[in-house]
Amino acid sequence: MKGSDATLLSFQLLDVSYEMRGSTPVIILWGRGADGSRVVVFYGEFRPYFYVLPDGSVGLDQLAAMIRRLSRPSSPILSVERVRRRFIGREVEALKVTTLVPASVREYREAVRRLGGVRDVLEADIPFALRFIIDFNLYPMRWYVAEVREVAVPHGYSVDRAYTLSGDIREDETRIQEDPLKGLRVMAFDIEVYSKMRTPDPKKDPVIMIGLQQAGGEIEILEAEDRSDKKVIAGFVERVKSIDPDVIVGYNQNRFDWPYLVERARVLGVKLAVGRRSVEPQPGLYGHYSVSGRLNVDLLDFAEELHEVKVKTLEEVADYLGVVKIGERVTLEWWQIGEYWDDPSKREILRKYLRDDVRSTMGLAEKFLPFGAELSQVSGLPLDQVMAASVGFRLEWRLIREAAKLGELVPNRVERSEGRYAGAIVLRPKPGVHEDIAVLDFASMYPNIMVKYNVGPDTLVRPGEEYGEEEVYTAPEVGHKFRKSPPGFFKKILERFLSWRRQIRSEMKKHPPDSPEYKLLDERQKAIKLLANASYGYMGWPHARWYCRECAEAVTAWGRSIIRTAIRKAGELGLEVIYGDTDSLFVKNDPEKVERLIRFVEEELGFDIKVDKVYRRVFFTEAKKRYVGLTVDGKIDVVGFEAVRGDWSELAKETQFKVAEIVLKTGSVDEAVDYVRNIIEKLRRGQVDMRKLVIWKTLTRPPSMYEARQPHVTAALLMERAGIKVEPGAKIGYVVTKGSGPLYTRAKPYFMASKEEVDVEYYVDKQVVPAALRILQYFGVTEKRLKGGGRQSTLLDFMRRGK
DNA sequence: CTTTTCTGCTTACCT
DNA sequence: ACAGGTAAGCAGAAAAGC
């Protein structure tokens, strides 16, 4: 191979992994060249390492010698250096131990821990490939310019060009504003598996159809011949190879499609070589499947954050986002697939169904990927992992990067069982209908508290440390103290986040809101906000590396004190406070007084507060965290009530929403009562679609692990008995059937019950009536009146009566 | 012995 | 596997009523 001359390569970093060449690890940077080529950049000089924190009982050099003696030929210890670092803000001297084989780090960690004189072993659990991009300060999805030498593309790699890194690698600053997804090849796919009323088994149930689509291209369908699916899977592998996508999107493929395909391919003896290296997809971090050289993104991970959609099927999510409306597509349930396959007259419908699923998946990708790409380059996790990882881990990976830059050692994850601590204040609402109410909100209250009072594990004054009152901030109630200077780990990071976000938001103003530039910046600022807002909860998370209970406790204490002060001031101004929760205040919308309150909070307390929305009317019962508001633009906000809960039947939810809407918009209680009575009548006449009677509840553990008997657990057990796998996290949809005895004996999975079996009276008494009454009760409506006869009154009458 | 009240378990929501 | 605060239903136990 020629080309030993060093050249500059401009490429976008997509993913990172490593391979062993003999006993030497080689980092693989997967990327896209500026010319559209797909490239790999190898780097064989990077070595795994970890730190050893001494406890002081043994001299550092002596400890180093002891560690060197642990060296084994399979992965020799290459060096043990004395280094100066910081650990939770304190200067420390530590040993940096470097070895050869990444997989050996774990064993060395255990061996070193057993030595005398060792306080702890640190950073031994950072995956090697991530370690590399952290140390080289590389962020996925960003563009870099690297000094490289071209090499032959090694056997088994399907990329256009391969290089080795021979010098510097630095961010290409000319491309910071560029859309990271522009020019990337995205492929959506979905599989259909033969099944009839039971969970398919990859050992025998074939993959009958695979649908796939390259962004901008046609939807293709590969079909089995009768029940023989070997060609389908082989054909799929071929199509993936020829499309050569950078991003593969699916819906729930990490939990279903990939494991099924992997197992099925094994059974059939097909090589599932869909990656850019000849290895099959493998389970990776955070339950995600890793496809070498491609970003395998499960869009369900994004959907998990759409809290408005309760049952997160592809159909529901696509419908909610307006990608593919349910009414405009074929809908089938998973257990019908087999039937639609077997019946030649129905097979075309099955094809159409698969097309609609692939179309929906691609549509969701367009909605979700821009945010994912930004979150990836803010958190530093590759796109395929960042959405699979939970909020805590996304922030933590960014913290680890900041620590590396600051010379801070990363604390270990340790098992803790900590007691609870006090959180925020929730005011008792004033029940009833209130007119013209302004909702005031503190902007990012907790992150701002952390910045203002320099809260963090490294600035926390620990027992035995003495500081003057002037040198520290003291949290109210709990008394925890934090050094005013120097600025702590969290303060530095949060300030950077906050100023970065401010800068992006001012940049956004230069672009029209519907421009691609604006949208890109908006996704970026959302990603930054997400991480900033997670910082408080992170500190209170016992699994966090930078766990700090006192810090979290202090933040909520300051929060309580700030909102109490604001409430007191509102009182002094003669502003009636109707309700408040954590960082919000509902007050009478008296613009002049509201303005004075805002100025007080900004000037005297040093926090940002703004009018988030104004309600023309808002209704409270005695309950906290529940209200219904009518906004100035005529929208109904239901908060907390049954209407927004996923574990009530659609019928009850719809009824309650309507009741709230009628009462707030027209003030006519009678009209609302009539509405409810009408619903009950329809229900009793059997005119309500059974799907509206399904109650969905999440199974949080295996059915046998429950202490208390419950309807959804009964339903789950019935499913298991029928050969349908149910796993923790699954939403169980059930209906209540006729009969006597406790409810849990009468629950059935909705697809195993007939309409005739449904206990209509349960839905009247325990769903529709209670949901409606939750609101109407306040206006004197009784259960009897909803179910039988009664008298009339209006909201106006009621309000007059109240005065 | 029956009815009412209390408590624990459970889920899902709000900020 | 970010936090605490809160509402609410159901099952079953405990307490109260008879």
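Please read all numbers here as calculations on a predicted model, not as lab measurements. Numbered from 1 within each chain, the chains take letters A, B, ... in sequence-line order.
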Base, sugar-phosphate, or nothing: which does [X] touch, judged by heavy atoms less than 4.0 Å apart?
X      : value
A:A422 : sugar-phosphate
A:R413 : nothing
A:A534 : base
A:Y762 : sugar-phosphate
A:P542 : sugar-phosphate
A:R428 : nothing
A:H712 : sugar-phosphate
A:R626 : sugar-phosphate
A:Y446 : nothing
A:V555 : nothing
A:Y627 : sugar-phosphate
A:T700 : sugar-phosphate
A:G537 : base

Does B:dC14 have OP1 or OP2 sitting under 4.0 Å from an N or O in the side chain of A:R645?
no
OP1 or OP2 of B:dT10 less than 4.0 angstrom from a side-chain nitrogen or oxygen of A:Y744, does that happen here?
no
Which is more 5' along DNA chain C, the nucleotide nearest A:P742 or the one nearest A:K625? Just name the residue.
A:K625
Which heavy-atom pair separates [X] from [Y] by the least distance, and what is that distance?
X      : Y      : result
A:A623 : A:P429 : O-CG, 3.3 Å
A:H712 : A:I732 : O-CG2, 3.6 Å
A:P447 : A:A532 : CG-O, 3.6 Å

A:K658/A:E654 ion pair, N-O < 4.0 Å:
no
Under-4.0 Å salt bridge between A:R564 and A:E477
yes
Without decimals, in angstroms, what is the distance between [X] [atom1] and [N] [atom2]?
X      : N      : atom1 : atom2 : result
A:I449 : B:dT15 : CD1   : C1'   : 13 Å
A:K310 : B:dC13 : NZ    : C1'   : 8 Å
A:L530 : B:dT15 : CG    : C1'   : 15 Å
A:K653 : B:dT11 : NZ    : C1'   : 13 Å
A:K697 : B:dC9  : NZ    : P     : 17 Å
A:R701 : B:dT10 : CZ    : P     : 4 Å
A:D441 : B:dT15 : CG    : C1'   : 9 Å
A:F620 : B:dC14 : CZ    : P     : 13 Å

Taking the side chain as every heavy atom from C-beta outward, state whether A:F619 and A:Y778 have any pair of such atoms under 4.5 Å apart.
yes
Would A:R701 count as a cation-pi partner of A:Y706, with NZ or CZ less than 6.0 Å from the six-membered ring centre and within 45° of the ring normal?
yes
A:Y139 ring centre to A:R401 NZ or CZ under 6.0 Å, with the angle to the axis within 45°?
yes
For DNA chain C, the expected dot-bracket line (Watson-Crick or G-U under 3.5 Å, [ ] crossing, | inter-strand) is ..|||||||||||||||.
For this output row, return yes or no: ring centroids of A:Y453 and A:W558 closer than 6.0 angstrom.
yes
Kindly say whether A:F586 contributes a backbone atom to a donor-acceptor pair with the side chain of A:Y615 at under 3.5 angstrom?
no
Here the gap from A:N254 atom CG to A:D301 atom CG, rounded to the nearest 0.5 Å, amounts to 6.5 Å
Nucleotide range of DNA chain C lying under 4.0 Å from chain A heavy atoms
C:dA1 to C:dG12
